[in-house]
Amino acid sequence: MKYLIQFISLVILFSGCVKDAKVKIPKQNPFIVTHCYISPTDSIIVAKVYLSQPLYQTANANNDEPVTDAKVEIQSNTQTKQLLYNSTLRQYQLKASEFNILPNSTYTLYISLPNGNNTSATTSIPAGYLAPTKLYLDSIIQQGGWYQHRANLEFLDPPNEKNYYAITWGYKELKNTDTILSEVNNSFKLLVNDSRFNGALNKETFNIYPASFDTTFIAYRIYFLNTSYDYYEYFNSVNRNANSSGNPFAEPALVYTNFKNGLGVFAGYTRVDANLYLK
Amino acid sequence: MKIKKYFIATIIMVFQIWCDAQTKYTISGYITEKGSKENLIGVYIVAPKLNAGTTSNTYGFYSITLPANDSLELLVSYAGYKTIKAKINLNKNINQNFEIEGTNLQEVEVIAEANKKISDEVQMSTVDLPIQQIKQLPALLGEKDVMKVIQLLPGVQKGGEGSAGVYVRGGGPDQNLILLDEAPVYNANHLFGFFSVFNGDALKSVELIKGGFPARYGGRLSSVIDLQMKDGNKEKIKGEAGIGIISSRITLEGPILKNKCSFLVSGRRTYIDALIYPFLNERNKGGYFFYDFNAKVNYILNDKNKVYLSGYFGRDKFYFKSKDAQFNASSSANLNWGNATTTARWNHLFGNRLFSNLSFIYTRYNLGISQSDKFNNDFYNSKYNSTIQDFGFKYNFDFTPSPNHYLKFGIASTLHQFVPQALVVKSSYPNENITTKPNNVNTIESGIFLEDDWKISNKLRTNIGMRLSSFNYKGTNFFYPEPRIGMRYLITKDLSVKGSYALMNQYMHLLSNTGIGLPTDLWVPATNRLKPQQSQQVALGLAKDIEKYDVTISIEGYYKWMKNIVNYKEGVSFLEVGNFDNSEAGKLSWEDKVTAGKGKSYGAELFIQKKVGKFTGWVGYTLSWIKFQFDSLNFGKEFYPRYDRRHDLSLVGMYKFNEHFNLAVTWVYGTGNAITLPLQSYNLQDNNLTPNSNSNGYFNGNFMQALNYYGDRNSFRMAAYHRLDIAFQFHKQLKRCERIFEFGLYNAYSRQNPFFYYTEYDSNRKAYRLKQVALFPIIPSFTWTYKF
């Protein structure tokens, strides 16, 4: 399908006439773009604040340059705290010891700029910590000429509630079981909701692979996250957006945000980490 | 309980009609064209002094029951034909066939009473397109196309530049019931939608119904496009051949047994593949072609029985092959799709008031994609196939018990066989092998209907009907009554107000995530989870005949509600297999990949038409709004679909200078399509679960994935579309034949209408530019036609 669409697109591009579109594009004001993921297990609360870049106007901001003069506050039912800008890490942060992130709680993040622009979003932390009931590798498979491990993760979904999960993985390169050479967060996310298995045991199977198969590699690190709807929907919409790109005839998938008059996501999760040893 | 009430009401109505009919006599028969004996559809038969009339049905049959009269004057008229005046002694039931003679449109004798008036008809939202006009109008590359002429009518919009897809009153292309000799055609497109599958040389009539659907039609929400093939000349052999820039065509028709049995065969094939062949090198070969073949044979068994057998077969094929001997590598790809339809029909007369037609119908649409790659000892072969085929029958009756009633009733049932996707992958890497079980689904769709065209008084006439439709999917039955009503009230003798209501159900969905009518769009049945689509439409309008100028005017307003319409969820497509992309979409069935929603469309249409005279043509204008709402699209907010078009204007004019020259001009204007345009960009900041780790910086394969902000779905309008087409025909009548040379200009002032937009970074401005791709500049065409 993709090849067919690419072929048609190429034929059209070569046979058709290409020129600047003569159409009026409404003037766009940049949005505040905030990414903030909170979890009871994290030692620090981090918010990264940027401005979006209107595409057709001469650049007046850079996607890669963070906003440094925003006022960023997090609020729970009982307290409000400000996150301060760390110019080294280019992020707003607050020690978790100064602000309690608790399971089954709701939080709001406020961001305001000196020019009066502001945005806010609310998210919640799932009720508890859910650990996999089973985690194992069952085979090495060859996919597209690459060798990969097939991993299986089983867990029992709590009944009568909507739950969202993210499974992601990294790998540790170890010289031996004690010395960590490096730890890599891979960022691939398997996103799951329980609409197909509410209250039942569920098994997810996914392929994982290290940078290279050599003698120093002995374990994968699996992160099993119970997430808020915002977390699940944001990354799912990012996936959908990526899948719909490259086809000029298809409707692009819109990326979710829970910020009012802003972009990005404020999302909560609980997490359980586990090592998956090769031997 | 409700069904019982309907049944009792029907019995009472039929009894009243029967009593009413006791003192009257019936004239009935067939109306054919002089010289070919081709059955003529929609011929107006009127007794002016009695203010009673009827029209011939799809098979040219008419029946009219009138009070006894020893000198009844009857007029038989049809646009483009000489009107017949007949004196009949009506003191018994009479079987009277008429042959009417074709003439030049400007030579028609105008007899006011004989003209079929739109102000007199009950049916609204309907247009008959004369095939002769379709053949005169300019067309892209000279390829005359019924569907593109339909796009010029008010209430009908095209999808994109050059596309043959039609969108009627807010409905998608899947919501059009396209019937070729009663067989549904599931994919009416050639060449990715640039041409339709209908060869005008084989067609006799085209009718479009946009609303106020009579009860005899069902199964689609938005329109009926009813195409009838010619029967074939019963008197002498006739033929027509044409050579165009990209295709040639030939049609042959004639008697097998004179005046009893005739045939028609018509074929068309493109030669794009032959034209590009010399430009390809030895290592890479590829091409594309399509062909159509229509055939029909009919046989008059006796006065009461006729049989017909007709068929259509068409196919598109795109292919590519490459070979590299040096690396022992080769690859090939094939994409082919096509329709096949067959209809066998038996007309039978039960007396002179009851006409019946029994049809057996087969239709099939098939898509196949294959790919083969070889590199040394490694290989990868894949075959994808999807099919829908129908086996059906219809048994319909026309009953004319009295001058005030014209009853139609019947029964139909169809077995739909779906093979939505079947994929086989064979590779030198065994883990890549895939064999999906063909997920065959058999469903049965049935319907019975009754409708009555009832003349309540000289001013008030109605068409009241009821269709009971059902659909069976894996043991689950859907059953819906579909009431239909149309009404006409004559304000003056040539001005009427009309209204209609129709409830429609559609038991199959078309899944498309390209929007350009690719053959990969798939038909799937309604299921327990994806309920049948349903629409309700009300329309109100005025119809006016201006006989002095042979002009008709209609103004209509409509409002349509649709529910259970389907769309792919964002970012998924039908051809995804496996779950290697770590997305949920890879694991789901097609039912999980689509989402159901609702829609509404409303608007007003103006149609001014002149069918007769030296100058003919029409003006069509539509003002409309279409809005959809899906829980899984646009985050649940209402949005305009791509083909929402606020203003749509078509001007069509044909002028016959003399018997040698005629000129046709069309100009179209439409508000730009609604699209989703990227407006701002920003970067994803991922959730780093190991703050002290060496993050590889990728998110699902994309480094620091750049994201776009689009605003709401389809919140941006493309530039307006407008285009002027011109065709000039020169006719030369020779002793035994006629030659027609046509010169055409498509997009005469070379308007660069955008086909799609894309963004490109301009490093000087440090900003993106919006670029547009326009498909067709001015395109001349030449066609040579030879008729004998």
Side-chain angles (χ1 to χ4, degrees), chain A residues 1 4-5 8 12-13 16-23 25 28 30-31 33 35 37 48 50 52-59 63 141-143 145 168 170 182-192 206-207 223 238-244 247-256 263, chain B residues 192 335 429 431 513-516 518 520 570-573 575 580 582-584 634-635 676 678-690 693-696 698-700 702 705 707-710 713 718-719 752 754-759 765-775 777:
Chain A
M1 178 73 168
L4 174 65
I5 289 167
I8 294 169
I12 289 166
L13 274 171
C17 171
V18 179
K19 65 169 195 174
D20 283 346
K22 285 183 182 166
V23 64
I25 301 168
Q28 294 285 311
F31 288 107
V33 182
H35 289 87
Y37 310 95
K48 294 182 177 178
Y50 291 76
S52 62
Q53 173 67 59
L55 286 175
Y56 311 102
Q57 294 157 216
T58 307
N63 276 356
I141 62 166
Q142 200 178 16
Q143 176 68 39
T168 184
S182 63
E183 189 174 26
V184 173
N185 173 21
N186 194 285
S187 295
F188 277 81
K189 289 181 177 62
L190 177 60
L191 299 159
V192 182
F206 49 100
N207 298 342
Y223 310 106
V238 169
N239 277 339
R240 293 195 298 258
N241 182 265
N243 286 346
S244 66
N247 177 358
F249 309 108
E251 299 283 357
L254 308 185
V255 177
Y256 173 82
L263 298 170
Chain B
F192 310 115
L335 171 68
Y429 298 104
N431 284 99
N513 62 351
T514 62
I516 57 167
L518 283 183
T520 48
E570 289 178 335
V572 296
S573 83
L575 289 179
F580 308 116
N582 275 357
S583 74
E584 286 200 293
N634 199 35
F635 305 114
T676 309
L679 297 171
Q680 302 198 34
S681 74
Y682 59 103
N683 285 338
L684 169 75
Q685 305 293 331
D686 197 6
N687 175 25
N688 191 351
L689 298 169
T690 52
S693 71
N694 300 322
S695 170
N696 65 3
Y698 279 79
F699 177 73
N700 286 7
N702 297 295
Q705 184 160 343
L707 301 173
N708 284 324
Y709 165 74
Y710 301 90
R713 184 182 174 101
M718 293 172 79
Q752 293 189 348
F755 186 56
F756 65 82
Y757 290 133
Y758 67 95
T759 53
R765 282 181 66 232
K766 291 187 176 171
Y768 282 83
R769 283 187 184 280
L770 186 64
K771 310 288 280 187
Q772 74 165 45
V773 176
L775 273 192

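The figures here come from the full heavy-atom set of this structure, side chains too, leaving out hydrogens, waters and symmetry mates. The sequence lines fix the lettering, A, B, ..., with proteins before strands; numbering per chain opens at 1.
In this structure, the portions of K19(A) lying under 4.5 Å from any heavy atom of chain B include both its backbone and its side chain. Interface residue T759(B): only side-chain heavy atoms are found under 4.5 Å from chain A. Interface residue P678(B): backbone and side-chain heavy atoms are both found under 4.5 Å from chain A. Heavy atoms of V33(A) lying under 4.5 Å from chain B belong exclusively to its side chain.
Between P54(A) and Q680(B), the closest heavy-atom pair is CA-CG, 3.8 Å. For the pair Q57(A) and A767(B), the tightest heavy-atom approach, listed with the atom from each and the gap, is O-CB, 3.2 Å. Closest non-hydrogen pair, Q28(A) versus Y709(B), comes out as OE1-CE2, 4.0 Å. Pairing each heavy atom of K22(A) with each of A719(B), the nearest pair is O-CB, 4.3 Å.
Side-chain atoms of Y710(B) and N241(A) include a donor-acceptor pair closer than 3.5 Å.
D20(A) has its side chain within reach of K771(B): a pair of non-hydrogen atoms, C-beta onward, lies under 4.5 Å apart. Here the side chains of D686(B) and K189(A) are in contact, with some heavy-atom distance below 4.5 Å. With a 4.5 Å cut-off on side-chain heavy atoms, L55(A) and L770(B) do not count as touching. At least one side-chain heavy atom of N634(B) sits under 4.5 Å from a side-chain heavy atom of L254(A).
Ring geometry, H35(A) versus Y682(B): the interplanar angle falls from 30° to 60°, so the pair is classed tilted.
Interatomic distance, Y37(A) OH to Q685(B) CD, rounded to the nearest 0.5 Å: 8.0 Å.
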